[in-house]
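What follows is a set of notes on a single structure, which appears directly below.
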Amino acid sequence: MEAANAVQDRDQKFLTKAVEEAYKGVDCGDGRPFGAVVVCNNEVVVSCHNLVLKQTDPTAHAEVTAIREACKKLNRIELSDCEIYASCEPCPMCFGAIHLSRIKRLVYGAKAEAAIAIGFDSFIADALRGTGFYQKANLEIKQADGNVALLAEQVFEKTRAKFQLY
């Protein structure tokens with residue numbers, strides 16, 4: 001049981017950092033409330049947030065940005081020894097980037113419904129669920145449990161007034 005608790009503690013630590021990034025991105029006006037952290041050998045490689053507004057780039061989601069930055073920092077395009085922690089369940093584009101980078105494990109905080117509840121497009125959840133897309137991916141996918149999942153869901157309500165959707 002100790003090993004399971006150690007994994008849960010690691011997950012909470014890195015996911016909390018992703019949630020902090022989500023707040024940071026909104027607070028500084030860079031983008032919407034999403035954060036991601038890429039970890040290798042229990043060390044943070046990069047910690048990023050959504051940069052859609054700052055870069056005027058609709059593909060500058062937190063997960064895509066984190067993967068781009070991790071690949072640059074590690075000087076490779078394949079991240080099979082890495083994990084990614086995302087404050088929210090990834091959209092299809094981000095999930096595709098995670099798959100293409102060969103990341104071995106995805107841990108996310110909030111379900112897509114938390115973002116949908118404040119006006120984000122339901123396409124995020126609809127495109128992935130019920131398709132076998134998750135099942136066919138060669139990586140472990142886990143929603144965090146406990147307080148950190150709740151903290152991740154609260155990001156949307158707490159930042160709602162600080163950004164415009166479209």
Side-chain angles (χ1 to χ4, degrees), residues 4-5 7-39 44-70 82-99 101 103 105-131 133-134 137 139-166:
N5 286 340
V7 169
Q8 186 173 358
D9 288 348
R10 274 181 70 255
D11 288 353
Q12 289 191 359
K13 177 175 108 175
F14 294 128
L15 193 54
T16 297
K17 190 160 185 59
V19 169
E20 289 168 359
E21 279 289 342
Y23 281 111
K24 181 179 167 186
V26 172
D27 289 344
C28 68
D30 286 351
R32 303 205 170 93
F34 300 92
V37 175
V38 174
V39 173
V44 172
V45 177
V46 294
S47 182
C48 299
H49 53 261
N50 182 289
L51 295 171
V52 167
L53 300 176
K54 182 178 183 178
Q55 295 184 355
T56 321
D57 177 357
T59 69
H61 290 196
E63 299 92 329
V64 171
T65 301
I67 290 167
R68 288 174 180 160
E69 293 300 316
C82 297
E83 301 167 289
I84 190 164
Y85 292 83
S87 63
C88 186
E89 186 175 10
C91 75
M93 176 185 68
C94 292
F95 191 80
I98 291 165
H99 173 73
S101 69
I103 285 175
R105 186 165 182 260
L106 158 65
V107 179
Y108 64 90
K111 294 282 256 175
E113 284 77 8
I116 293 165
I118 66 157
F120 283 93
D121 196 331
S122 64
F123 174 79
I124 292 168
D126 295 345
L128 293 177
R129 298 205 182 127
T131 62
F133 198 55
Y134 277 165
L139 73 146
E140 179 188 340
I141 303 166
K142 176 183 184 245
Q143 182 186 16
D145 39 27
N147 289 341
V148 75
L150 184 61
L151 289 173
E153 289 185 8
Q154 291 171 345
V155 170
F156 297 103
E157 277 301 322
K158 289 184 175 182
T159 62
R160 181 182 205 161
K162 294 182 181 180
F163 65 90
Q164 294 279 317
L165 281 172
Y166 293 100

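Taking CD of E69 as the start and CG of L51 as the end, the distance is 8.5 Å to the nearest 0.5 Å. The CZ atom of F156 sits 11.0 Å away from atom CD of E113, with the distance rounded to the nearest 0.5 Å. In this structure, the separation between CG on L15 and OH on Y108 is 11.0 Å, given to the nearest 0.5 Å. To the nearest 0.5 Å, atoms CG (L139) and CZ (R105) are separated by 10.0 Å. Of the inter-residue distances, the one linking F95 atom CZ with E89 atom CD reads 9.5 Å to the nearest 0.5 angstrom. Between F34 atom CZ and T159 atom OG1 the span is 8.5 Å, to the nearest 0.5 Å.
Residues H61 and V52 meet the side-chain proximity criterion, which asks for heavy atoms closer than 4.5 Å. Side chains of D11 and Q8 form no contact here, defined as non-hydrogen atoms less than 4.5 Å apart. Here the side chains of V155 and Y23 are in contact, with some heavy-atom distance below 4.5 Å. Using a 4.5 Å heavy-atom threshold, the side chains of I98 and I67 count as touching. T59 has its side chain within reach of R68: a pair of non-hydrogen atoms, C-beta onward, lies under 4.5 Å apart. Side-chain contact between E21 and S87: absent, with no pair of heavy atoms (C-beta onward) separated by less than 4.5 Å. E157 has its side chain within reach of R160: a pair of non-hydrogen atoms, C-beta onward, lies under 4.5 Å apart. Put simply, the side chain of V19 does not reach to within 4.5 Å of the side chain of K24, judged on heavy atoms.
Applying the salt bridge (Lys or Arg N to Asp or Glu O under 4.0 Å) rule to D30 yields no partners; only residues at least two apart in sequence or on another chain are considered. Among residues two or more places apart in sequence or in another chain, the side-chain hydrogen bond (donor to acceptor under 3.5 Å, both in side chains) test is passed with R10 by N42, E83. In this structure Q55 satisfies the side-chain hydrogen bond (donor to acceptor under 3.5 Å, both in side chains) test with no other residue, sequence neighbours excluded.
Between E20 and K17 there is no salt bridge, since no side-chain N of the basic residue sits under 4.0 Å from a carboxylate O of the acidic one.
Of the possible donor and acceptor atoms, none in the side chain of N50 sits under 3.5 Å from a partner among the backbone N and O of G31. At least one donor-acceptor pair under 3.5 Å links the side chain of Q143 to the backbone N or O of G109.
Counted within 6.0 Å of NZ on K54, heavy atoms from surrounding residues, nucleotides or ligands total 12 or fewer; the atom is thus considered open. Heavy atoms of other residues, nucleotides or ligands lying less than 6.0 angstrom from CG of N147 number 12 at most.
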